[in-house]
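One structure is given here, and the rest of the page talks about it.
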Amino acid sequence: MPVETKTTCPYCGVGCGVIATVANTGTVTVKGDPEHPANLGRLCSKGSALAETIDLDGRLLYPEIGGKRADWDTALDLVAAKFSQTIAEHGPDSVAFYVSGQLLTEDYYLANKLMKGFIGSANIDTNSRLCMASSVAGHRRAFGSDTVPGTYEDLELADLVILTGSNLAWCHPVLYQRLAAAKTARPDMKIVVIDPRRTMTCDIADLHLAIRPDGDVALFLGLLAHLAKSPALNPDYVTAHTQGFGAAVSAAAMLSMPALTERTGLTPEELQRFFHLFETTEKTVTCYSQGVNQSSSGTDKVNAIINCHLATGRIGRPGMGPFSLTGQPNAMGGREVGGLANMLAAHMAIENPEDRDRVQRFWASPTIATKPGQKAVDMFKAVADGRIKALWIMATNPVVSMPDADAVRAAIEACPFVVVSDILRETDTTLHAHVLLPSLGWGEKDGTVTNSERRVSRQRSFLASPGEAKADWWQVAEIARRMGFDGFAYTTPVQIFAEHAALSAFENDGSRDFDIGAYADMDATAYGELKPFQWPQPTGRVRQETRFFADGGFYHADNKARFIAVEAPVETDRRDARYPLTLNTGRIRDHWHTMTRTGKSARLSAHIAEPFAEFHPRDAMDIGLRPADLVKLESPHGTVITRVLVSERQARGDVFVPMHWNDQFAATARIDTLVSPLTDPVSGQPAAKNVAIAARRFEAEVYGFAVSSAKPVALSADYWAIAKAEGGWRAELAFQEPVEDWTRWCRAAFGISAGIEPLGYADRQSGEQRLAFFDGERLLATIFLSRQPVAVARNWAVGQLQSPHFDLRKRFAIIAGRPGADQPDPGATVCSCYLIGVNRIISAIRGGCHSVEAVGRETNAGTNCGSCRAEIRGIIDGCLAAAAE
Ligand SMILES: Nc1nc2c(c(=O)[nH]1)N[C@H]1C(S)=C(S)[C@@H](COP(=O)(O)OP(=O)(O)OC[C@H]3O[C@@H](n4cnc5c(=O)[nH]c(N)nc54)[C@H](O)[C@@H]3O)O[C@H]1N2
Ligand SMILES: Nc1nc2c(c(=O)[nH]1)N[C@H]1C(S)=C(S)[C@@H](COP(=O)(O)OP(=O)(O)OC[C@H]3O[C@@H](n4cnc5c(=O)[nH]c(N)nc54)[C@H](O)[C@@H]3O)O[C@H]1N2
Ligand code: SF4
Ligand SMILES: [Mo]
């Protein structure tokens, strides 16, 4: 009998319920859980492809010391001894943990407990510093607590949904689908997208405000000044439940209309339309994500938004409120346990002596950190200059994802003792560890995560633990014990969860927002059966209403919220003559962060198979870039090379580059090597979306494209990017000088044995060359080389890896680089569920399918997870516009 397990998707903060089924054969399939309140059965492209990412290829299965396999006892003893010794010699602040919103709550709780309560330092920070820190800081300034007041349902109930700095269609796809469905059901609902780029999310927008980078504070100040003079102002709410309104409005009123248009880059008409919509729509939700948080004015952006909701009293009621969208599956859980360097535990404050005393008594711990620890960027600076001498990195890949990434790599390389807990053996970060600890991954580990709407769900294991991999919480507990600390005698995650729940209720009595005391007595059976629930859930009361602040009740001492009198930053334009463009970085639909998991899926890799930089057509022209060229991007911190994408979605002067590519998938594409370590002064969050750079064409003598059944290794090329493909791999290549012996080059790159001679074709005049290597009827590898970017049909070429080549004619078709009439080129993949390419969609449109639904009926594209529906609509619009010209 196939076995079904209910668990939670390990990617984004939507936190969708997943049913994983393991067949008798061991094959795993996944589908959306119709009973999970976050997704009600839906999954996006990444969630649907989860089963393709759980193989053991590349997994770290045993502890390693200095690159050699070790047993757990030796590895754990070494880590414990090194940490203890460093602390003994240099004090508690000489060690640090750098952890992750992808840890389970139980892992996170223990790491925080060990560092803050037992080691006695607050040097534990997390990749959430790069992600949610500005929202946390903004919430705490306004509400006195880090509270997300609303629920997902509010997006469906609202009459106006504002998405600012959020590419919801690609980054929170199931929430986007819920919103899109609500708008279809109630077409009067209005959606505004505020983003310098015209993203796929704009597909459902009534208004897109292409704001200047970091124009958000000015925009929401303008809105506050407007609201203050309008009937939308809620004086009763302001008087009863807030403080500081006058000062905030005075600060806001200082911006004249010309100053507003200048700072936001928007026309007075656009501004008025937005202000009017907000003013006249009671049920308004403002969602924000990294375009807000990842900024040198990130915390002010958050407060500028919250100010407008406080002024109108639109908070905590159905369909109303500010809504911070969390990124990672357990960003919210990490905040609950206090995993940030400036927090304590269970939403208590490290600066507050009573809170410190309370937590210490609860933990019965020998000490408690008395001051905030180093925030991520400062933490790696302290590693670099030797103040931190022992570092433990868990479930994050800072050599890729931290700003000034080369400096971070150098700091890690120079650190006397680095431990990395990961699921993969080779990442850009694991390569520099002294000790590697193998962790359990999704499907193997057990615990809880909390999504953006404060809903706690179980991640359950349905796969056996591979090799000697162990849960992250187990690793922390073992090392704590070996460092001689009591209080870590856990044998199962439920014990940790129950303790975490008990701490949330400990001496709480409503004084703290985070309270899940109802779960403090949890036993293994109840934990096994735990259904998703939203907090707060205090002891003894079943709370139906989980929204916050409709009737005030804020967590400052006087129970009032604070308006923050923020000021628009004077200068947000960082460009100069040497670095005349603004780099904006972010995500694409089908990859997750540093690709350690999504990079394993051929389907997901087919959507966008190469790092790219997206330019406005005029900028591309000015720089001399044509579509499909390569471009070199530079900042004072580093250099990357990517493909050029020219598109009108991009604003002039801005360049967008995805954050995902790294040294495992490309030659020089770690975009964070360019990002400066500039941070928000309040939250310490890096400004990853506004970086001054220069761009110039990368001059290549030879361009190449290859497919190979084996993973390409040691590619000696000036530019390369590899991606998993059905039946093998694909590689984009470029060389500044021609290679003398291409056959030899291919043998080394694709692992082809000496006995196998290639079929070849070369045209001296055009410089075109092709080679194909066969083992019997099976294609091993083929390479296409040209003086121009190679024009061969990618998906067709990839398809050749899996089709037999009986006769010479078929083999020659490959080096001719042309699909036969029987195998039309499907074009770049749009729908990753059914692998439908753009050419197939265009031919359906030409055949009369003029709606997404019609294209779906004809081709299946867009009919499963729906993540590509916005793109299909874009292709339809493009075709119809072209036909009309
Ligand atoms: N497919 C996919 N989904 C993901 C992830 C992933 O890796 N892949 N990661 C998850 C994580 S951890 C996170 S944090 C979220 C992030 O989710 P999002 O924040 O939605 O994603 P980003 O692409 O980082 O940035 C959002 C948008 O901010 C815009 N922006 C840039 N500068 C400004 C500005 O000054 N003002 C405004 N208003 N907008 C600006 C960018 O153009 C971009 O479109 O996604 C989560 N979901
Ligand atoms: N330029 C730029 N930089 C950014 C951003 C941006 O928008 N622009 N966004 C920032 C944001 S919001 C985020 S959240 C970060 C994300 O950046 P990272 O956290 O660095 O990215 P991930 O690839 O998610 O790294 C997770 C690591 O944990 C491993 N892993 C997976 N599961 C487990 C597990 O169960 N246990 C353990 N121990 N390891 C596991 C994975 O193999 C991987 O190596 O990037 C930030 N950096
Ligand atoms: S929206 Fe997609 S990535 Fe996010 S939790 Fe749901 S299935 Fe996973
Ligand atoms: Mo994130």
Side-chain angles (χ1 to χ4, degrees), residues 10-14 44-46 60 99-104 107 126-132 163-173 193-197 199-201 209 211-216 219 287-295 297 301 325-329 331 393-403 405 420-424 427-430 437-442 444-445 459 469 471-472 475 572 582-598 650-651 654 656-660 662 670-672 674-675 685-686 688-691 867:
Y11 295 124
C12 85
V14 177
C44 76
S45 49
K46 292 181 298 302
L60 174 66
V99 304
S100 165
Q102 290 166 80
L103 290 175
L104 301 174
D107 308 322
T126 134
N127 63 0
S128 284
R129 182 68 58 198
L130 321 175
C131 182
M132 305 313 307
L163 299 165
T164 182
S166 154
N167 186 6
L168 201 72
W170 280 11
C171 296
H172 297 91
V193 173
I194 306 170
D195 193 310
R197 304 188 295 145
T199 59
M200 283 299 163
T201 306
L209 299 175
I211 196 165
R212 258 184 62 173
D214 286 335
D216 307 70
L219 177 66
C287 298
Y288 46 96
S289 190
Q290 299 315 333
V292 165
N293 292 336
Q294 286 173 345
S295 159
S297 55
K301 288 186 185 187
L325 298 162
T326 55
Q328 299 180 88
I393 298 167
M394 305 179 94
T396 177
N397 194 355
V399 171
V400 186
S401 57
M402 280 286 295
V420 177
S421 297
D422 207 289
I423 56 169
L424 287 200
T427 73
D428 293 358
T429 301
T430 57
L437 301 178
S439 297
L440 295 179
W442 182 79
E444 301 152 5
K445 59 184 186 177
Q459 265 196 30
D472 291 298
Q475 300 175 20
T572 51
T582 298
L583 169 71
N584 170 12
T585 62
R587 287 148 176 86
I588 61 169
R589 191 188 81 191
D590 286 357
H591 273 307
W592 177 261
H593 295 166
T594 70
M595 301 164 70
T596 62
R597 289 175 285 163
T598 48
Q650 195 61 38
D654 290 1
F656 178 80
V657 179
M659 63 166 291
H660 309 290
N662 55 74
R670 279 187 300 132
I671 196 61
D672 269 300
L674 268 62
V675 176
Q685 179 156 355
K689 302 240 180 301
N690 183 352
V691 180
S867 297

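Each ligand, and each atom within it, is numbered from 1 in the order the structure gives.
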With atoms numbered from 1 as shown, which atoms in ligand 1 lie under 4.0 angstrom from a non-hydrogen atom of Q290? 14 (S), 16 (C), 19 (O), 24 (O)
Look at ligand 2 and say whether M132 reaches it with a heavy atom at a distance under 4.0 Å. no
Out of curiosity, is W592 lining ligand 2, as in a heavy atom under 4.0 Å away? yes
Heavy atoms only: which of S100, S166, C171 is nearest to atom 4 (C) of ligand 1? C171
Which atoms from ligand 1 have a heavy atom of P196 less than 4.0 Å away? 30 (N), 32 (N), 33 (C), 37 (C), 39 (N), 40 (C)
Run the numbers on Q328 and N127 for side-chain contact (heavy atoms from CB on, under 4.5 Å), then give the verdict. CA-CA 10 Å; Q328 299 180 88; N127 63 0; 2.8 Å; yes
In ligand 1, the atoms that come under 4.0 Å of a heavy atom of T199 are 44 (O)
Which ligand 1 atoms does W170 reach within 4.0 Å, using its non-hydrogen atoms? 1 (N), 2 (C), 3 (N)
Kindly determine whether N584 and D654 satisfy side-chain contact (heavy atoms from CB on, under 4.5 Å), including the steps that lead there. CA-CA 7 Å; N584 170 12; D654 290 1; 5.5 Å; no
Ligand 1 versus R589, non-hydrogen atoms closer than 4.0 Å: side chain, backbone, both, neither? backbone
When you measure from atom 19 (O) of ligand 2 to every protein heavy atom, which one gives the shortest distance, and what is it? N127 ND2, 2.7 Å
Are R587 and W170 side-chain neighbours, meaning at least one heavy-atom pair lies under 4.5 Å? no
Using a 4.0 Å heavy-atom cut-off, say whether F656 meets ligand 1 through its side chain, its backbone, both or neither. neither
When you look at N397 and D428, which way does the side-chain contact (heavy atoms from CB on, under 4.5 Å) test go after all the steps? CA-CA 7 Å; N397 194 355; D428 293 358; 4.1 Å; yes
Protein contact to atom 18 (P) of ligand 1 [nearest heavy atom, distance to 0.1 Å]: S289 OG, 3.5 Å
Closest approach of any protein heavy atom to atom 8 (N) of ligand 2, naming residue and atom: T585 OG1, 2.8 Å
I588 neighbourhood, listing ligand 1 atoms whose heavy-atom distance to it stays under 4.0 Å: 1 (N), 2 (C), 8 (N)
Closest to atom 41 (C) of ligand 2 by heavy-atom distance, out of T596, V400, L60, is T596
Any side-chain donor-acceptor pair under 3.5 Å between Q102 and T396? no
Protein heavy atom at shortest distance from atom 3 (N) of ligand 2: D672 OD2, 2.6 Å
Any M659 heavy atom less than 4.0 Å from ligand 1: no
Relative to ligand 1, is H591 under 4.0 angstrom through side chain, backbone, both or neither, heavy atoms considered? backbone
For the residue pair P398 and I393, establish whether any side-chain heavy-atom pair is separated by less than 4.5 Å. yes
Please write down residue, atom name and distance for the protein heavy atom closest to atom 47 (N) of ligand 2. S401 O, 2.8 Å
Ligand 2 N/O within reach of T594 N/O, cut-off under 3.5 Å: yes
If we only count N/O pairs under 3.5 Å, is R197 in contact with ligand 1? yes
What's the verdict on side-chain contact (heavy atoms from CB on, under 4.5 Å) for M659 and H591, showing C-alpha distance, side-chain angles and the deciding distance? CA-CA 10 Å; M659 63 166 291; H591 273 307; over 6 Å; no
From the candidates D195, D590, N167, the one that places a heavy atom nearest atom 42 (O) of ligand 1: D195
Which bit of K301 gets closer than 4.0 Å to ligand 1, counting heavy atoms only: side chain, backbone, both or neither? side chain
Ignoring hydrogens and geometry beyond distance, is a side-chain donor-acceptor pair present between S295 and S297 at under 3.5 Å? yes
Side chain to side chain donor-acceptor pair (under 3.5 Å) assessment of T201 paired with N167: CA-CA 6 Å; T201 306; N167 186 6; 2.6 Å; yes
Does C131 approach ligand 1 within less than 4.0 angstrom via side chain, backbone, both or neither, non-hydrogen atoms only? side chain
Atom 35 (O) of ligand 2: which protein heavy atom is closest, and how many Å away? K445 NZ, 2.6 Å
After noting the C-alpha distance and the side-chain angles of D214 and K301, does the key distance pass the salt bridge (charged side-chain N to carboxylate O under 4.0 Å, His left out) rule? CA-CA 9 Å; D214 286 335; K301 288 186 185 187; 2.7 Å; yes
Hey, which atoms in ligand 2 end up nearer than 4.0 Å to a heavy atom of Q102? 19 (O), 22 (P), 24 (O), 26 (C)
Would you check whether K689 has a nitrogen or oxygen atom less than 3.5 angstrom from a nitrogen or oxygen atom of ligand 2? yes
Run the contact test for L440 against ligand 2 with a 4.0 Å cut-off on heavy atoms, strictly below, and give the result. yes
For atom 16 (C) of ligand 2, the protein heavy atom that lies nearest, with its residue and separation: H593 ND1, 3.4 Å
Identify, by atom number and element, the atoms of ligand 2 in contact range of S439, meaning under 4.0 Å from any of its heavy atoms. 36 (N), 37 (C), 38 (N)
Can you tell me if D216 and T164 form a side-chain donor-acceptor pair at under 3.5 Å? yes
Atom 32 (N) of ligand 2: the protein heavy-atom neighbour that sits closest, reported with distance to 0.1 Å: I423 CD1, 3.9 Å
Could you list which atoms of ligand 1 come closer than 4.0 Å to a heavy atom of N584? 31 (C), 41 (C), 42 (O)
Distance alone, cut at 3.5 Å: any donor-acceptor contact between the side chains of N662 and T594? no
Is there a donor-acceptor pair under 3.5 Å between the side chain of Q290 and the backbone N or O of C131? yes
In ligand 2, the atoms that come under 4.0 Å of a heavy atom of L130 are 10 (C), 11 (C), 12 (S), 46 (C)
Ligand-side contact atoms (ligand 1) for residue partner D214, heavy atom cut-off under 4.0 Å: 34 (C), 35 (O)
Between L168 and ligand 1, does any nitrogen or oxygen pair lie at a separation below 3.5 Å? no
Residue, atom and distance of the protein heavy atom nearest atom 13 (C) of ligand 2 read R587 NH2, 3.8 Å
Identify which of G101, G165, G586 has a heavy atom lying nearest to atom 26 (C) of ligand 1. G165
Within the 4.0 Å heavy-atom shell around G291, which atoms of ligand 1 are there? 28 (O), 30 (N), 33 (C), 34 (C), 35 (O), 36 (N), 37 (C), 39 (N), 40 (C)
